[in-house]
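Here the structure is a predicted model, which is why all the values come from computation and not from measurement. Numbered from 1 within each chain, the chains take letters A, B, ... in sequence-line order.
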Amino acid sequence: MILLKTTVKDLYSRFEEFSGKEITLFGWIRNNRAQKEFGFINLNDGTFFETIQVVYEDAMENFKEIQKFRVGSALQVKGTILVTPSMPQPFEIKATDIELMGDSLEDYPIQPKRHTREFLRENAHLRPRTNLFSAVFRVRSILTYAIHTFFQERNFVNVVAPLITASDAEGAGETFKVTTLDLDRLPKSDDGEIDYKKDFFQKKANLTVSGQLQAEAFALAFKDVYTFGPTFRAENSNTTTHASEFWMIEPEIAFADIFDDMQLAEDMVKFIIDYVLKRAPEEMQFFEKFVQKGLLNKLNKVVTSKFVRVTHKEAVDVLLSADVEFENMPGYQEDLATEHEKYLVKHFDGPVFVIDWPKDIKAFYMRLNDDNETVAAMDLLVPGSGELIGGSQREERLDYLEKRMSEMNIPKDELWWYLDLRKYGGCKHAGFGLGFDRMLMYLTGVENIRDVIPFPRTPRNCEF
RNA sequence: GCCUAAAUAGCUCAGUCGGUUAGAGCACUUGACUGUUAAUCAAGGGGUCCUAGGUUCGAGUCCUAGUUUGGGCGCCA
């Protein structure tokens, strides 16, 4: 008899074909219910969200031992597939041989019961074995592929932006310093300042906070490009939507304006939602049932609806006329507070683009509108994850850009190469940044960014 | 960084007004059980009540400080 080495995923996709066949499976025990003359093991082999039920009987020579196999143990199971249409599970495996490949000690922390997210965060090395995190991290993988698929199908070129940069000018927050200097004995120059000439790169260096500026350089060669990589912020942010290390997707498109940019963002969001819904139905059902009621409805609606677009001024008008007592007063020259974002997505009942922001609260590279007051920036706000996308048309006019950099104290000498892009074939172009982890939160309904990142880094937390 | 709440068994939690030996469910160990679905039933083992001070005859319980964690806000994406 040939024993087919197979996976649970394979079995679920075509179990009728396996009916009566002998197979070999490897996996881990999720639950073991032993009775006097037989017992049941729910086995998960990691290839599929669902478990397979293994039936064992006292005719097996190691029956007594099998009865005592604990949750978490690794097994090799040989047996025959039985189709069981009248049972809660569509099929099961009747074991002929079960071998313990790796015991799980008595103090295994993961039990067949509900755990708090906080406890599982402290056991980040074990939590992918739970239903929730199994679903989250498989969807994370599928989401990665969805994003690459979307851009590759549209002939975008993937650019890897550097993770170490010498530019401190991107203005996107506090950076982690990168140095090989001995911090206990820093070399000083004559004026008492730290002598970075002695450092590895002979200048100050830090981890990137954004790959956008480098992506622009490639967009002006390849027309349509995207980055997909990690980025680092050293802010002391303690919220459910911030991490010190997170991933961003930053498309950059040449010969395109802010409206092309929004269209791209909307198409992308719709594509990846649709993609994940089709590729991970079991996981998405689980989120709907146990994480966020109404999730599938919400996502299906996003796929089929047109995203609302309002100007910043219109958004503030909505807020000012709202019958709500805001802690922060909305203002025409002010950024939107979290409570404002929440109100807007609720008011418009779905994702909202806010465009044409006051220039003084936005970055130096955003293109000045003809009113001289606002810039061609857009934020996409979504329920639950806040600002999912932030983007803009870039200032391609050299004189405008230089003026803006002077006004905002951005050092032009460090960004000489960025200015070069405006001197040599500069053209209108635009792009945006998508917070990958926030997108995953939106897709799964999981409300804390620490629960969609395998080993999250946040202030005071760098375990694992 | 600010505000706020919490910290008791491996996990999730009770613990009255400050008063004898700190409890339950799950997990674990032992046993029962002829189809279980987070099985069920019985018994057993398991505690630095976050840390350091303080009040008191007596503190898991009250007070002070700290640590960590959750939530909200800010910074930011």
Checklist entry - Just to confirm, is there a sub-4.0 Å distance from OP1 or OP2 of B/rG1 to any side-chain nitrogen or oxygen of A/N236? => result yes

Checklist entry - Considering residues at least two apart in sequence or located in another chain, which fulfil the ring pair (Phe, Tyr, Trp, His ring centres under 6.0 Å) criterion with A/W28? => result none

Checklist entry - Picking from B/rG72, B/rC26, B/rC33, which would you name as closest to the side chain of A/Q111? => result B/rC26

Item to check | Pairwise C1' distance, B/rG18 and B/rC13 [rounded to whole Å] | outcome: 23 Å

Checklist entry - What integer number of Å spans the P atoms of B/rG54 and B/rU12? => result 32 Å

Checklist entry - Would you find a donor on one side and an acceptor on the other, under 3.5 Å apart, between the side chain of A/T84 and the backbone of A/S86? => result no

Next on the checklist: Mind checking if A/P88 touches a base, just sugar-phosphate, or nothing, with heavy atoms under 4.0 Å?
Outcome noted: base

Next on the checklist: As a test of your reading of the structure, name each stem of RNA chain B as range with range, where a stem is three or more consecutive Watson-Crick or G-U pairs at under 3.5 Å.
Outcome noted: B:1-7 with B:67-73, B:10-13 with B:23-26, B:28-32 with B:40-44, B:50-54 with B:62-66

Checklist entry - If only side-chain N and O atoms of A/S237 are considered, is one of them under 4.0 Å from the OP1 or OP2 phosphate oxygen of B/rC75? => result no

Checklist entry - Going by 5.5 Å between centroids and 30° between planes, is there a stack of A/F40 over B/rG35? => result no

N/O to N/O distances under 3.5 Å, protein versus nucleotides 67-70 of chain B:
residue: B/rU69; atom: OP2; partner: A/R460; partner atom: NE; Å: 3.2
residue: B/rG70; atom: OP1; partner: A/R121; partner atom: NH1; Å: 2.8
residue: B/rG70; atom: OP1; partner: A/R450; partner atom: NH1; Å: 3.1
residue: B/rG70; atom: OP2; partner: A/R450; partner atom: NH1; Å: 3.4

Item to check | Short side-chain N/O contact from A/T231 to OP1 or OP2 of B/rA77, under 4.0 Å | outcome: no

Next on the checklist: Does a side-chain N or O of A/K36 approach OP1 or OP2 of B/rU40 to a distance below 4.0 Å, or not?
Outcome noted: no

